[in-house]
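Below: the structure, in structure tokens.
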Amino acid sequence: MPYWLMKSEPDAYSWDDLCREGVGTWDGVRNYQARNHMRNMKQGEQVLFYHSNIGMEVVGVMEILEEAFQDPTTDDQRWSAVRVKAINPFPKPVKLSEMKQHPLLQNIGLIKQSRLSVMPLTDEEFAVIMDLGGMKMS
DNA sequence: GCCAACGTTGGC
DNA sequence: GCCAACGTTGGC
């Protein structure tokens, strides 16, 4: 099963914002590569939530509730959004600096392509980050 | 605040 | 279709 990681600046939209809303719409993505990843997401898949700029850490796990649909923030049909819900916060958020030091995380988009905001993770990468964050895999 | 990386735009 | 100029992202 594919896993994902999505970034947001907490100033704009944070983990706490998502928890407050319960169900969140992940919209505003204006990058083709990121959009293509979003269109590949399937209901029930798990997504890590990363705080860029402020925090620079993975803070929790989300789940895809609704697969890609027209981004409600624009009429431009090129852009898609997905619906997500928070599952669990990390007991211990995982810092970017920590991930950069981990030998099994050297190929993740966060490190290799720092501007990409939506990216896939391998089973192994997902498991490593969950472990670093003190989360038990269910 | 700076700047590297990278995507987009527009002139040719 | 190339590429210079420019804008944006995001780490430092």
Side-chain angles (χ1 to χ4, degrees):
Chain A
M1 173 147 110
Y3 293 98
W4 310 95
L5 183 148
M6 299 202 289
K7 303 203 280 201
S8 177
E9 286 194 53
D11 270 359
Y13 189 76
S14 70
W15 174 263
D16 285 345
D17 292 331
L18 173 61
C19 290
R20 202 171 302 123
E21 291 181 357
V23 172
T25 301
W26 207 277
D27 54 28
V29 171
R30 296 292 183 268
N31 171 282
Y32 291 111
Q33 215 182 333
R35 181 210 64 186
N36 291 342
H37 290 317
M38 289 173 80
R39 288 184 177 176
N40 285 330
M41 293 172 172
K42 297 284 179 244
Q43 192 182 334
E45 288 176 350
Q46 290 183 285
V47 188
L48 299 179
F49 192 134
Y50 175 80
H51 279 169
S52 61
N53 280 314
I54 299 167
M56 291 190 284
E57 57 193 6
V58 178
V59 292
V61 192
M62 307 179 278
E63 180 184 323
I64 300 296
L65 282 188
E66 186 179 345
E67 298 172 12
F69 53 91
Q70 172 64 37
D71 185 331
T73 65
T74 178
D75 289 333
D76 191 331
Q77 306 214 336
R78 290 176 299 166
W79 306 117
S80 298
V82 293
R83 205 93 66 196
V84 293
K85 74 168 183 192
I87 302 179
N88 268 317
F90 275 15
K92 186 170 86 67
V94 182
K95 290 279 179 193
L96 178 63
S97 56
E98 202 179 340
M99 291 187 277
K100 281 189 165 176
Q101 287 169 15
H102 198 290
L104 293 177
L105 299 178
Q106 294 309 300
N107 290 319
I108 62 174
L110 262 191
I111 292 167
K112 295 198 80 170
Q113 205 180 343
S114 69
R115 293 182 50 196
L116 185 61
S117 63
V118 180
M119 67 201 71
L121 296 173
T122 66
D123 292 8
E124 183 178 57
E125 289 159 351
F126 182 82
V128 165
I129 297 171
M130 290 286 275
D131 187 53
L132 290 174
M135 290 278 288
K136 296 271 180 279
M137 294 276 287
S138 51

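Computed from a predicted model, the values in this text were never measured in an experiment. Worth knowing before you read on, the calculation uses all heavy atoms, side chains too, and leaves out hydrogens, waters and symmetry mates. Below, chains carry the letters A, B, ... as their sequence lines are ordered, and counting in each starts from 1.
In the model, A/Ser14 has no side-chain atom that pairs as donor or acceptor with a side-chain atom of A/Asp16 under 3.5 Å.
Counting only Watson-Crick and G-U wobble pairs whose two distances sit under 3.5 Å, DNA chain B takes part in these stems of three or more pairs: B:1-12 with C:1-12.
Judged purely by atom type and a 3.5 angstrom limit, A/Asp131 has no side-chain atom pairing as donor or acceptor with the backbone of A/Ala127. Here the side chain of A/Lys7 pairs a donor or acceptor atom with the backbone of A/Leu116 at under 3.5 angstrom. Of the possible polar contacts, one joining the A/Thr74 side chain to the A/Asp76 backbone as a donor-acceptor pair under 3.5 Å is found.
Within the model, atoms CD1 of A/Ile129 and CE of A/Met135 stand 12.0 Å from one another, a figure rounded to the nearest 0.5 Å.
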Original post:
How far apart are the C-alpha atoms of A/Ile54 and A/Glu9, what are their side-chain angles, what is the distance that settles it, and do they pass the side chain to side chain contact (heavy atoms under 4.5 Å, CB included) test?
Top reply: CA-CA 7 Å; A/Ile54 299 167; A/Glu9 286 194 53; 5.6 Å; no
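Applying the salt bridge (Lys or Arg N to Asp or Glu O under 4.0 Å) test to residues at least two apart or on different chains, the pairs with a partner in residues 35-59 of chain A are A/Glu57-A/Lys95.
Only one option out of A/Met6, A/Lys85, A/Gln46 pairs with A/Met62 in a side chain to side chain contact (heavy atoms under 4.5 Å, CB included); it is A/Met6.
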Original post:
Which parts of nucleotides 1-9 of chain C does protein reach within less than 4.0 Å, heavy atoms only, written one letter per nucleotide 5' to 3' as B for base, S for sugar-phosphate only and - for none?
Top reply: ------BBB
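Remark: C1' of C/dG10 and CE of A/Met119 are 11 Å apart, rounded to the nearest angstrom. Rounded to whole Å, atom C1' of C/dG10 lies 10 Å from atom NZ of A/Lys100.
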